There are 2 protein chains.
Amino acid sequence: MAVGTRDRIMDAALRLFVEQGVAATPVTAIEAASGLSPGSGSFYRHFGNKQDLLTAVVEREMAKARKDPATQVSAARPGELPADVLARQIRADLDFLRDLEPLMIVLMWERGRAPEVAGRVQEVMVERGIELGVADLLTSVPAAAVADDPAAAAGVMMSAVVGYFLNVHYFGSEPAGVGADRFATTLARLLTGR
Amino acid sequence: MAVGTRDRIMDAALRLFVEQGVAATPVTAIEAASGLSPGSGSFYRHFGNKQDLLTAVVEREMAKARKDPATQVSAARPGELPADVLARQIRADLDFLRDLEPLMIVLMWERGRAPEVAGRVQEVMVERGIELGVADLLTSVPAAAVADDPAAAAGVMMSAVVGYFLNVHYFGSEPAGVGADRFATTLARLLTGR
DNA sequence: GTCTATATTGGGATAGAC
DNA sequence: GTCTATCCCAATATAGAC
């Protein structure tokens with residue numbers, strides 16, 4: 001990884017973009033963080049401009065996150081409780097979000113100026129949210145509130161997962177000191193009515 | 001409202017900051033949007049620099065949100081079900097977040113460069129979350145998952161509310177098409193085990 | 001493929017007339 | 001308190017030597 005200068009530039013740029021935003025990160029700073037001489041145009045031997053770099057970084061990060069086996073949910077074991085299956089699901093979703101974390105932060109910053117790219121990420125998220133979490137939720141859960149309005153329960157679950165993730169990122173600490181495992185277990189129990 | 005030039009500058013600046021971020025908003029653009037001549041330094045008759053303006057805007061918006069009676073929860077009516085009280089609580093929290101929406105967006109963008117200001121907003125949020133939502137939750141809810149780990153349940157509730165709000169903001173639509181009332185009702189029912 | 005050097009633009013900020 | 005005019009610097013991007 002990060003063998004060539006092009007990759008080093010992408011690594012350094014993503015880090016800087018996350019820390020201070022794209023607009024506030026000058027090309028000179030990217031050069032310096034990539035081991036190039038700041039102010040030299042050496043950056044431009046690798047990318048046409050900062051926008052091209054952003055596009056390339058987005059492509060690379062999304063490809064990485066989709067391939068990562070750690071964010072795939074393993075199949076339910078026979079006899080496993082619905083609450084436990086759901087808790088594993090939720091932890092996998094949090095892992096998936098953590099994989100995409102730098103990208104999400106950058107795109108939330110840049111959504112106004114790169115709407116088509118933000119749209120693609122949204123598709124990946126929604127696709128995953130719908131296909132995995134919601135499908136499991138609708139089939140295996142007997143709780144009254146879920147049965148009455150499964151779509152709303154799915155919305156609550158997705159909101160809670162995304163909200164937990166963003167709480168941790170933006171405030172730098174877990175909400176009410178609750179770690180990922182406790183969060184996943186409690187949310188799963190609430191959804192399954194146990 | 002917005003009688004003097006100073007107020008018009010703050011209104012215009014907040015709008016532009018939300019749309020494109022602080023770093024990407026030149027003072028020239030703020031002048032233009034405030035009815036001043038762009039490029040003239042007239043802005044500097046009212047604020048020392050852009051950072052001073054940001055600070056003033058944050059102060060003003062936080063003072064407004066704290067005073068707004070629409071975001072205060074009315075007392076529980078006698079005989080009202082815990083789930084209904086909690087649902088009203090959740091709707092009030094969403095109103096509170098919507099009141100603070102522009103400020104939150106700007107501060108999430110700027111958190112790296114204005115950490116002390118972001119810290120103050122966090123305090124207000126946490127204070128409100130703890131004092132209102134969590135206190136009610138702990139006292140009035142008999143659900144097993146809540147009784148077993150009240151702090152985790154409170155974390156789930158806060159995460160869900162914040163996540164719902166941010167989903168709506170960033171993706172421009174309600175998660176799974178679920179509106180605020182349905183969301184609040186479902187989350188309250190899940191938490192109260194009804 | 002990186003360097004030094006530089007042209008050029010855009011935005012931050014000030015001076016002084018009105 | 002707003003204007004015109006201007007200074008200054010930071011950032012984008014290019015040219016050409018090595």
Side-chain angles (χ1 to χ4, degrees), chain A residues 1-60 106-107 109-110 112-114 117, chain B residues 1-60 105-107 109-117:
Chain A
M1 276 275 157
V3 284
T5 303
R6 190 182 157 91
D7 279 302
R8 271 188 296 120
I9 289 175
M10 288 201 274
D11 292 340
L14 182 55
R15 186 169 50 75
L16 291 171
F17 288 169
V18 167
E19 285 167 9
Q20 49 191 346
V22 177
T25 301
V27 171
T28 29
I30 299 173
E31 287 174 329
S34 312
L36 297 173
S37 175
S40 76
S42 296
F43 168 87
Y44 295 98
R45 294 282 170 180
H46 303 275
F47 297 94
N49 52 45
K50 205 160 64 171
Q51 183 62 44
D52 288 355
L53 165 64
L54 175 59
T55 304
V57 168
V58 168
E59 294 300 323
R60 192 187 67 166
V106 170
L107 289 176
W109 249 325
E110 300 304 313
R113 273 148 293 167
V117 174
Chain B
M1 277 270 161
V3 283
T5 304
R6 190 183 157 91
D7 280 301
R8 271 188 296 121
I9 290 176
M10 287 200 275
D11 292 339
L14 182 55
R15 186 170 48 77
L16 292 171
F17 288 169
V18 168
E19 284 167 10
Q20 50 190 344
V22 177
T25 301
V27 170
T28 355
I30 299 172
E31 287 174 328
S34 313
L36 297 172
S37 175
S40 75
S42 296
F43 167 88
Y44 294 98
R45 294 284 168 175
H46 302 275
F47 298 94
N49 52 45
K50 204 159 64 171
Q51 184 61 45
D52 288 355
L53 165 64
L54 175 60
T55 304
V57 168
V58 168
E59 294 301 322
R60 192 187 66 165
I105 300 317
V106 170
L107 289 175
W109 247 326
E110 299 305 314
R111 77 194 186 295
R113 274 149 293 165
E116 76 297 343
V117 174

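Convention: sequence-line order gives letters A, B, ...; per-chain numbering from 1. These figures come from a predicted structure and were not determined experimentally.
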Euclidean distance, Asn49(A) CG relative to Asp52(A) CG, rounded to 0.5 Å: 4.0 Å

Backbone N/O of Pro26(B) and side chain of Lys50(B): donor-acceptor pair under 3.5 Å: no

Sugar-phosphate only, base, or nothing, as touched by Ser37(B) at under 4.0 Å among non-hydrogen atoms: sugar-phosphate

CD on Glu31(B) to OG on Ser40(B), rounded to 0.5 Å: 4.0 Å

ring-ring contact (aromatic ring centres under 6.0 Å, His included) partners of residues 29-53 of chain A, not counting sequence neighbours, each pair once: Phe43(A)-Phe47(A)

Gap between atom CE of Met10(A) and atom CG of Asp7(A) - 0.5 Å precision: 4.5 Å

Span of DNA chain D, from the first to the last nucleotide whose atoms fall under 4.0 Å of chain A heavy atoms: dA11(D) to dG16(D)

Rounded distance [0.5 Å steps], CG in Asp11(A) versus CD1 in Ile30(A): 12.0 Å

Residues Arg8(B) and Thr5(B): side-chain donor-acceptor under 3.5 angstrom: yes

For Ser34(A), all residues meeting side chain to side chain donor-acceptor pair (under 3.5 Å), sequence neighbours excluded: none

Global bending angle along the helix from dG1(C)-dC18(D) to dC18(C)-dG1(D), which compares the axes of five pairs at either end, to 10 degrees: 0°

Gap between atom CD1 of Ile9(A) and atom CG of Leu14(A) - 0.5 Å precision: 13.5 Å

Arg15(A): partners by salt bridge (charged side-chain N to carboxylate O under 4.0 Å, His left out), with sequence neighbours left out: Glu19(A)

Residues within residues 41-48 of chain A bordering DNA chain D, heavy-atom distance below 4.0 Å: Gly41(A), Tyr44(A), Arg45(A)

